Protein chains: 4
Amino acid sequence: MDGLFAIVTLLVLDLPRPLGSPHLTRVLLHQWPSYLADLVSFTTIGLIWIEHHGMMSSVRRIDRRFLEISLLFLLIVSVVPWPTALAAEYATHGTQARPAAVLYAGTMLAMGLAFTLSWRYLERHNELIGEAAAPAFPTGVRRALLGTLAYMIAVGIAFVSPLASFAVDAAID
Amino acid sequence: MDGLFAIVTLLVLDLPRPLGSPHLTRVLLHQWPSYLADLVSFTTIGLIWIEHHGMMSSVRRIDRRFLEISLLFLLIVSVVPWPTALAAEYATHGTQARPAAVLYAGTMLAMGLAFTLSWRYLERHNELIGEAAAPAFPTGVRRALLGTLAYMIAVGIAFVSPLASFAVDAAID
Amino acid sequence: MDGLFAIVTLLVLDLPRPLGSPHLTRVLLHQWPSYLADLVSFTTIGLIWIEHHGMMSSVRRIDRRFLEISLLFLLIVSVVPWPTALAAEYATHGTQARPAAVLYAGTMLAMGLAFTLSWRYLERHNELIGEAAAPAFPTGVRRALLGTLAYMIAVGIAFVSPLASFAVDAAID
Amino acid sequence: MDGLFAIVTLLVLDLPRPLGSPHLTRVLLHQWPSYLADLVSFTTIGLIWIEHHGMMSSVRRIDRRFLEISLLFLLIVSVVPWPTALAAEYATHGTQARPAAVLYAGTMLAMGLAFTLSWRYLERHNELIGEAAAPAFPTGVRRALLGTLAYMIAVGIAFVSPLASFAVDAAID
């Protein structure tokens, strides 16, 4: 759990700290998109960490290829705060909401694909997983696939209506 | 302990480093609120880490719901440096001390609530804790509840007298 | 894997986030060297982490000297994002591409040397490695040496043609 | 070792990256105090980590008081990059070299004191250490005490001659 402790601390460490403002409350309320973005990033990465923790708890042994797939997955996870911050900044910026929504849903889709890939790899190499864990696999793969499909739809919607796409994103979480 | 090592290092890494100043001592002394805030954040998170470590040492198994409660708790812990920095900046800023004091005591209260929630969840699901640890539980829950109540009072006081509220916060630690 | 999770998150956390731009897509596309540098740093450090993980999995015991060699190796690994960012910034800057290419290939060479040193130290102190792992050692040392030689050539080429040197770097990965 | 990997990466991540400079080599050479400071911080924290790792390897059980002493020690360790950066910046700034040298040697002295305290606490509570490790204790305590005394002298010298004090610091390492 220390790993989660460390990551999560870093995400929030750079919350904006207005200096010497005569209207602290107003300034803080005005910066809500920044706080919202950090909250969403935190929750997203935290929930992914829990899912990943669940998957890893049934893994008995790791091979090099699985490490490489994990690296790809982690790359995408680590990118999450970036489209999230852009989405918070641009969601209410008229025409610029579209690229932000496409980028956000696209990142989530890529993450879903990489996570599905991890599950599938483990399913096909059952020498890597403990015998007790094997029956849980179809459920895990199905959940990862469904999430991926849902984000695929969210990417499509993002081109038409950015706000509807964000609503779909929120519903998937 | 490596986890603590990592977090703690990050907190202090961004101490202000005045460049090419002709009066280094004076500049450093002038920045004391910033150093005080880092010291308080460090100590607070460190002591929380020790409390959390104590709680976790009696846990034998973890379930998904407990991970989610922990995530909520960690979210609040990770926010701590932010109201602490605002408190250090605004404690002596007249009217702006009030929102800073409310925010600080409120964060601490939220942390106390989440920690109490963790204890209560473990107490009710004793399949998660080792048998040897069970007798220690009432004490843990009581400490967490008392801390939470004390911060509730500190939030109330913060609306009347910000400095008195900070004094109560310090006494609770 | 939590350690990797933490490092990797940090690398990408500071992707540029343009504020209130009226041309979000164009601005993002314009910043591609910065994204490319983070992607390359991420992949490089991730692959090194996998190699290092492979080496460590055959280590049974650690002595003080091995920790010092590891410290040197980690120092160089941690420097990687810096020449990578400079390379992305200066690769297309005419005469300034040369120092950037020399610095990049030189960092990689230093990393290869430190990694070879780690392997050689373990090979000579076989009380530190498990018996089952011993046969894998000649392969490990040879791979580390070959990589080091290749980067030596890349440093040489960097003085003549920076772009050719980057191409060699990419081929070695 | 993942913990070390994480910390160390963070230290060097913020090396200055000059943008679009027409004289990259000259700019980089000009920034040597910044690089030197990072190298010294890295080496100092790395060597402390090795010492601390050596101490912890003989610890069998941890109590609350020992965690609190460790927290104090870690607080000082995490501060190290800050006086190091100030020392690199002010060592050649005439009169301002004195406060920088006092601050640097003072931080090192505080770290030595906290480390000695850790060793002494373990020595007096031998229920916390494994039996095999007990004979190594007098050596550990003596080394920690000697280092502390040496830094005490370095603090004294810093008031008279900052550069001589830095030379003593380097000799102690």
Side-chain angles (χ1 to χ4, degrees), chain A residues 1-32 34-58 77 80-81 84 130 132-133 136 139-140 143-144 173, chain B residues 1-14 33-34 37 41 45 48-49 52-53 55-56 59 61-90 92-103 107 162:
Chain A
M1 198 171 283
D2 277 359
L4 184 59
F5 211 114
I7 301 156
V8 136
T9 306
L10 294 167
L11 283 177
V12 194
L13 267 180
D14 61 345
L15 286 176
R17 303 175 184 178
L19 293 177
S21 158
H23 303 291
L24 181 56
T25 315
R26 205 184 302 164
V27 168
L28 293 179
L29 292 178
H30 189 71
Q31 292 172 330
W32 68 267
S34 169
Y35 302 123
L36 180 67
D38 274 308
L39 185 66
V40 172
S41 290
F42 182 103
T43 310
T44 309
I45 294 187
L47 292 177
I48 295 164
W49 189 87
I50 292 178
E51 288 288 336
H52 187 254
H53 183 90
M55 185 180 75
M56 292 308 289
S57 69
S58 55
V77 169
V80 164
T84 307
T139 318
R143 283 188 64 177
D173 288 346
Chain B
M1 198 169 286
D2 277 358
L4 184 60
F5 210 114
I7 300 157
V8 137
T9 307
L10 294 167
L11 282 177
V12 194
L13 267 180
D14 61 347
S34 169
S41 290
I45 294 186
I48 295 164
W49 189 87
H52 188 255
H53 183 88
M55 185 180 74
M56 294 308 290
V59 171
R61 203 164 57 77
I62 282 173
D63 65 6
R64 197 192 160 90
R65 174 64 44 152
F66 183 71
L67 278 178
E68 287 168 0
I69 295 172
S70 299
L71 200 63
L72 178 69
F73 172 63
L74 286 177
L75 170 62
I76 303 166
V77 170
S78 70
V79 166
V80 164
W82 176 67
T84 307
L86 291 178
E89 171 77 17
Y90 290 97
T92 55
H93 261 56
T95 54
Q96 301 310 305
R98 187 163 303 164
V102 171
L103 190 68
T107 305

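The structure presented is a predicted model; accordingly, all values stated were derived computationally and were not measured. Note: hydrogens, waters and symmetry copies are ignored here, and every other heavy atom, side chains too, is used. Reminder, nothing fancy here: chain letters follow the sequence lines and each chain counts from 1.
Of all heavy-atom pairs between B/Leu71 and A/Gly46, the closest is CD1-CA, 3.5 Å. For the residue pair A/Leu24 and B/Gln96, the shortest heavy atom distance occurs at N-OE1, 2.7 Å.
Between the CZ atom in B/Arg64 and the CG atom in A/Leu47 there is a gap of 7.0 Å [rounded to 0.5 Å].
Proximity to chain A is limited to the side chain of B/Leu103, based on heavy atoms less than 4.5 angstrom apart. Residue B/Glu89 touches chain A through its side chain alone, counting heavy-atom pairs closer than 4.5 Å.
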